[in-house]
Amino acid sequence: MSNPEETSRLEAERLAKIERIRARGGEPYPWTFPGRVSTAEARAKAAGLTPGAGGEGTVRVAGRVRSIREHGKSCFVDLEDAAGSIQLFLRGEELGERYARALAEIDPGDIVGADGVPTVTRRGEPSVMVSSLELLAKAIHPPPDKYHGLKDPEARLRQRYVELLDSPESRLRFQGRYELLREIRRFFDSEGFMEAETAVLVPVAGGAVAAPFTTHSRYLDVDLQLRISLELPLKRLLVGGFERVFELGQAFRNEDLDTIHSPEFTLLEAYWAYADYHDMRGLIEKLYGQLAAHVARRFPELPAASAAPELFRAPFAQVDFVEALEAKMGTTGLLERSREELGALARAAGATVPEDSPVGVFLDKLFDRYVAPGLVRPTFVMDHPLATTPLAKRHRSKPGRVERFELFCGELELANAYTELNDPVEQERRFRAQAGGRAEEAYAFDADFVEALRYGMPPATGVGIGVDRAVMLLLGVSSIKEIRLFPQTRPRADTG
RNA sequence: GGGCCCGUAGCUCAGCCCGGUAGAGCAGGCGGCUCUUAACCGCAAGAUCAGGGGUUCGAAUCCCCUCGGGCCCGCCA
């Protein structure tokens, strides 16, 4: 790898060009370029013209120079902007002495603006016959190989801007991500949910089991943690009288990173008073149906996106957590087994779990091993064992279970929802029941949250969605780093 | 945490097995070319071979360590 701070000979040549431009009174970094149209609009004006014949009127376009093909007294330049690209056609005949100067000063990667007449070349390429060309920003670093692009996976992450400027496909990926987040917001808004922005910095990160990042407030002189979930503050809002709330934002878990885990990730949670998890199941089915329809409409060239509406066609499959697990294991009476027995089964299935883990951990492992891999289509997994889920309400008719569903698809968890526990006494008991176990397997005790429930929280349902994973599935991307703009990487050492 | 793989010019790659002192295309420089689109033709230039150590007369190549990255497994939700 090169040191980005060193000046290569190529950069030295480009810096010398900048000096020459300034020496002749030119400005390599002008202030603005008013009145331009997109390359798409310029293309539209050229459309339908007879190849080889000139069009009428002029257009003004601007963008990045992708490639230059010189032919002596004429030259073709591919110009790219956010809307696409168009070919510039430069001729010595038209430009006089400015022709040679433009070729001497412009390199691939530069940002330029041009005025000219829309035309179609004899070979049929929509073009702008340039009457004037202006440098808008000189690039000092040369862009990646124009044909092969930027391949180095490390550089694509560390210098995302290079990948983006080089690759319209990567820009499309992030456009897709943005639009999915926008559609999620629109969906909840249209369903009457209010978006909330709760605290990122909290005294104790709760609502999930995960190692938090820690930091410190100088003013308060207290240690703080970065939130690991949105659950507890949003439920406090239900106590406070809001009936439909959601939050879409970053959460942080101080754990390993791999293709489906990022230390910072985008989480959606929504809480809905006077409704239960069956209502939420319907809402989530509707949400994914709309997201699938959106990506299929907007990104038909992506195979995963065009397949999404069929994949997410309602109604989604449903299986009972315990029944599905018992069927796959060929056993019965799972919930009556002792902790030791379940632990042995989990280890026999290949899970590495400490012997004294809570029962819920073993059951989760067994489910992950036996059932989840088979859930290729979106499937609601219903009614988990109580031991796996301390924040959900006990099932109204199935003993030893809670009212919960997880939506699985292709081993990715796409939603996790409960009928929420709102009994403060039981909530406190469940928190305390975990206190004896290992810290890394227990939900943090949040006394203020119990206090809030004591004021009365209406019956409610809530859902959490790992938005990055939903985006991955809908856009057909295999690593979370592909759909987060600036994923975490280890800082590079200054000297090797 | 364990295993496998990768790091050579600004970019994309070859060379590594079988050690003999680094090669191509693009980009850049110079020259030629008025319809190309990976434009083309000619000339010249461009490389701490990720870093450090070892073996050897000689290391990009073999060995060890370190750094960074990727994939798989484990852990984690």
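Per chain, numbering begins at 1; letters A, B, ... match sequence-line order. Nothing here was measured: the structure is a model prediction, and the numbers come from that model.
- Comparing the C1' positions of B:rC62 and B:rC71 gives an interatomic distance of 26 Å, to the nearest angstrom.
- Per the stacking criterion (ring centres < 5.5 Å, plane angle < 30°), A:His141 does not stack onto the base of B:rG10.
- A heavy atom lying under 4.0 Å from RNA chain B marks the following residues of residues 368-385 of chain A, by number: A:Asp368, A:Arg369.
- At whole-Å resolution of the value, CD in A:Glu125 and P in B:rA39 are 12 Å apart.
- Using a 4.0 Å heavy-atom criterion, one finds that A:Gly149 contacts the sugar-phosphate atoms exclusively.
- Of the candidates B:rG70, B:rU37, B:rC33, the closest approach to any side-chain atom of A:Glu70 belongs to B:rC33.
- With a cut-off of 3.5 Å on both pairing distances, B:rC16 has no Watson-Crick or G-U wobble partner at all.
- Nearest nucleotide to the A:Leu157 side chain, out of B:rC13, B:rA77, B:rG69: B:rG69.
- Between B:rG68 and B:rG52, the two C1' atoms lie 15 Å apart (nearest whole Å).
- Residues passing the side chain to side chain contact (heavy atoms under 4.5 Å, CB included) test with A:Ser74 are A:His71, A:Phe89, A:Arg91, sequence neighbours excluded.
- Comment: A:Arg101 does not engage A:Glu97 in a salt bridge, judged by the lack of any side-chain N to carboxylate O separation of less than 4.0 angstrom.
- A salt bridge is absent between A:Lys17 and A:Asp110; no separation between the charged side-chain nitrogens and carboxylate oxygens falls under 4.0 Å.
- Counting non-hydrogen atoms under 4.0 angstrom, A:Asp107 reaches the backbone sugars and phosphates but no base.
- Residues A:Pro143 and A:Ala104 each lie close to RNA chain B; by heavy-atom proximity, the contact nearer the 5' end of the strand is made by A:Pro143.
- Between the C1' atoms of B:rC49 and B:rA14, the separation comes to 13 Å (whole Å).
- With sequence neighbours excluded, no residue forms a salt bridge (charged side-chain N to carboxylate O under 4.0 Å, His left out) with A:Arg64.
- Each of A:Ile106 and A:Ser67 was matched to the nucleotide of RNA chain B holding its nearest heavy atom; the match closer to the 5' end belongs to A:Ile106.
- The CD1 atom of A:Ile68 sits 16 Å away from the P atom of B:rA38 (whole-angstrom rounding).
- At the phosphate of B:rA45, neither OP1 nor OP2 sits under 4.0 Å from any side-chain N or O atom of A:Arg9.
- Residues satisfying the ring pair (Phe, Tyr, Trp, His ring centres under 6.0 Å) criterion with A:Tyr277, sequence neighbours excluded, are absent altogether.
- Looking at the side chain of A:Arg122, the nearest of the listed nucleotides B:rC35, B:rG25, B:rA77 is B:rC35.
- Across the protein-nucleic acid pair, A:Ile86 atom CD1 and B:rU37 atom C1' stand 13 Å apart, rounded to whole Å.
- To the nearest whole angstrom, the two P atoms, one in B:rU61 and one in B:rA9, are 15 Å apart.
- Atom CZ of A:Phe213 is separated from atom P of B:rC76 by 18 Å (rounded to the nearest Å).
- Comparing the P positions of B:rA47 and B:rG51 gives a spacing of 14 Å, expressed to the nearest Å.
- For A:Ala208, whose side chain is taken as the heavy atoms from C-beta onward, the closest listed nucleotide among B:rC35, B:rC75, B:rA77 is B:rA77.
- Shown here are the side chain to side chain contact (heavy atoms under 4.5 Å, CB included) partners of A:Arg281, two or more places apart in sequence or in another chain: A:His278, A:Gln318, A:Phe380, A:Met382, A:Phe405.
- For the pair A:Arg490 CZ and B:rA50 C1', the computed distance is 16 Å after rounding to whole Å.
- A:Glu426 has a carboxylate O that lies under 4.0 Å from a charged side-chain N of A:Arg430, or vice versa, which qualifies the two as a salt bridge.
- When each of B:rU37, B:rC76, B:rA45 is scored by its nearest atom to the side-chain atoms of A:Lys365, the top-ranked nucleotide is B:rC76.
- In the set B:rG69, B:rA27, B:rU37, B:rG69 carries the atom at the smallest distance from any side-chain atom of A:Thr489.
- Comparing B:rG70 with B:rC35, their P atoms sit 47 Å apart, to the nearest whole Å.
- Of the charged side-chain nitrogens involved, none lies within less than 4.0 Å of a carboxylate oxygen, so that A:Lys146 and A:Asp78 do not count as a salt-bridged pair.
- Nucleotides B:rC26 and B:rC63, compared at atom C1', are 36 Å apart to the nearest Å.
- Under the salt bridge (charged side-chain N to carboxylate O under 4.0 Å, His left out) criterion, A:Asp115 pairs with A:Arg60, not counting sequence neighbours.
- Residue A:Ala211 is out of contact with every strand shown, counting any heavy-atom pair closer than 4.0 Å.
- For A:Glu163, the salt bridge (charged side-chain N to carboxylate O under 4.0 Å, His left out) partners two or more places apart in sequence, or in a different chain, are A:Arg156, A:Arg160, A:Arg173.
- Shown here, B:rG1 forms a base pair with B:rC73; the pair counts as Watson-Crick or G-U wobble because both key distances fall under 3.5 Å.
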Protein N or O to nucleotides 1-4 of chain B N or O, pairs below 3.5 Å:
none

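- Counting non-hydrogen atoms of other residues, nucleotides and ligands closer than 6.0 Å to CD of A:Glu301 gives a total above 12.
- With sequence neighbours excluded, the residues satisfying salt bridge (charged side-chain N to carboxylate O under 4.0 Å, His left out) with A:Arg66 are A:Glu80, A:Asp166.
- Across all strands shown, B:rG25 forms a Watson-Crick or G-U wobble pair, both distances under 3.5 Å, with B:rC11.
- In the set B:rU34, B:rC75, B:rA77, B:rC75 carries the atom at the smallest distance from any side-chain atom of A:Thr352.
- With B:rG68, B:rC35, B:rA77 as the choices, the nucleotide that has an atom nearest any side-chain atom of A:Thr121 turns out to be B:rC35.
- Out of B:rA77, B:rG68, B:rC72, the shortest distance to the side chain of A:Thr259 is found at B:rC72.
- Of the listed nucleotides (B:rA27, B:rG69, B:rG74), B:rG74 has the atom at the smallest distance from the side chain of A:Asp258.
- Rounded to whole Å, the separation between the P atoms of B:rG10 and B:rA50 comes to 13 Å.
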